[in-house]
*Asks:* 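Sending over a structure as C-alpha cells; questions will come in a sec.
Atom set for the values below is all heavy atoms of this structure, side chains included, hydrogens, waters and symmetry mates excluded. Naming convention: chains lettered A, B, ... in sequence-line order (proteins, then strands); numbering from 1 in each chain. Keep in mind that what you see is a predicted model, and the values were worked out from it rather than measured.
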Amino acid sequence: MQYWLFKTEPDEFSINDLKRKNNEVWDGIRNYQARNFLRDQVALDDLVFIYHSSCKEPGIVGIATVIKTAFPDPSQFDANSKYFDTKSTLENPRWFSVELQFVKQLRPIPLAKLKNDQQLASMLLIQKGSRLSIQPVTKSEWEYILKTYS
DNA sequence: GCCAACGTTGGC
DNA sequence: GCCAACGTTGGC
C-alpha cells in the first residue's frame with residue numbers, strides 16, 4: 001500500500017466534484033516527474049490525499065483511492081482540450097492518467113497548519129519551491145496527518 | 001496581482 | 001551541453 005498527494009485547483013475540479021461524480025480520470029498532468037509517478041508507481045488501491053491548490057485556503061480536503069492504473073491520458077489526443085499535445089501519438093503517448101474513486105471528505109487541513117508542524121518538516125509538500133502535483137506521502141506522514149488533524 | 005522557484009525551449 | 005529567455009506553479 002502506497003500513499004500519495006494529488007493537487008487540484010478547486011475552480012477546475014474540487015473534492016466536491018469528486019464526491020458528486022464518485023470516479024474521475026485524473027488527466028492534464030503535464031510535468032515529467034509527476035508523469036513518471038503516475039505511469040510507473042501509482043498502484044491499484046493506493047490511497048490519495050486530495051489537495052486544493054491556488055485557492056483561498058490551500059490544504060488537504062479529502063481522500064481517494066486508485067481504481068485504475070496508468071493509461072494514456074485521453075486529453076493529449078483531443079484537439080479541443082487545453083491539454084492537447086501535438087507531440088503525442090497513439091503509439092508513443094507522452095502523458096498518463098489514473099482513475100480515482102472518492103473515499104471521504106475531510107475537514108480541510110490547511111497548508112498553514114502542516115507547515116507549522118515540526119513532525120512534518122520533511123514532507124515534500126512543505127519543501128520550499130516544491131510544485132510537484134503528484135507526490136508520494138510516507139506511511140508515517142499519512143497516519144500522523146490523519147491522527148492529528150482529522 | 002506579485003513574485004520566487006521551478007521547468008522547458010531553443011540558439012549556439 | 002550551456003544558459004538566457006520564457007512559461008508555469010502556487011502561496012501570499
*Asks:* To the nearest Å, give me how far apart CD (A:Glu12) and C1' (C:dT8) are.
*Replies:* 14 Å
*Asks:* I'd like to know if A:Asp73 pairs up with A:Arg30 as an ion pair, taking the criterion as any Lys NZ or Arg NE/NH1/NH2 lying under 4.0 Å from an Asp or Glu carboxylate oxygen.
*Replies:* yes
*Asks:* Measure from CD on A:Gln33 to C1' on B:dA5 and round the result to the nearest Å.
*Replies:* 14 Å
*Asks:* Does any donor atom in the side chain of A:Asp17 or A:Ser14 lie under 3.5 Å from an acceptor atom in the other side chain?
*Replies:* yes
*Asks:* Provide, to the nearest angstrom, the distance between the OH atom belonging to A:Tyr83 and the C1' atom belonging to C:dT9.
*Replies:* 12 Å
*Asks:* Is any side-chain nitrogen or oxygen of A:Lys7 closer than 4.0 Å to OP1 or OP2 of C:dT9?
*Replies:* no
*Asks:* Can you find a pair of side-chain heavy atoms, one from A:Tyr3 and one from A:Lys139, that are under 4.5 Å apart?
*Replies:* yes
*Asks:* Looking only at side-chain N and O atoms, does A:Lys115 come under 4.0 Å of OP1 or OP2 in C:dC12?
*Replies:* yes
*Asks:* According to the interplanar angle, ranging from 0 to 90°, do the rings of A:Tyr149 and A:Tyr144 count as parallel (below 30°), tilted (30 to 60°) or perpendicular (above 60°)?
*Replies:* perpendicular
*Asks:* To the nearest angstrom, how far is A:Leu132 atom CG from C:dT8 atom C1'?
*Replies:* 14 Å
*Asks:* When you measure from the side chain of A:Arg131, which nucleotide among B:dG7, B:dT8, C:dG11 comes out closest?
*Replies:* B:dG7
*Asks:* Rounded to the nearest Å, what distance is computed from the CG atom of residue A:Leu5 to the C1' atom of nucleotide C:dT9?
*Replies:* 15 Å
*Asks:* Nearest to the side chain of A:Tyr32, which nucleotide is it out of B:dT9, B:dT8, B:dG7?
*Replies:* B:dT8
*Asks:* Considering all heavy atoms of both residues, which atom of A:Leu38 and which atom of A:Phe6 are nearest to each other, and what is their separation?
*Replies:* CD2-CZ, 3.9 Å
*Asks:* What is the distance from OH of A:Tyr51 to P of C:dG10, rounded to the nearest Å?
*Replies:* 8 Å
*Asks:* To the nearest 10°, give me the bend of the helix from B:dG1-C:dC12 to B:dC12-C:dG1, comparing the axes of its five terminal pairs at either end.
*Replies:* 10°
*Asks:* To the nearest Å, how far apart are A:Asn31 CG and C:dT9 C1'?
*Replies:* 10 Å
*Asks:* Between atom CG in A:Leu124 and atom P in C:dG10, what is the gap in whole Å?
*Replies:* 13 Å
*Asks:* Does the pair A:Trp95 and A:Tyr32 meet the rule for a ring-ring contact (aromatic ring centres under 6.0 Å, His included), with working shown?
*Replies:* CA-CA 8 Å; A:Trp95 309 113; A:Tyr32 287 105; 4.8 Å; yes
*Asks:* With side chain to side chain donor-acceptor pair (under 3.5 Å) as the rule and sequence neighbours excluded, what pairs involving residues 4-13 of chain A come up?
*Replies:* A:Trp4-A:Asp46, A:Glu12-A:Lys82
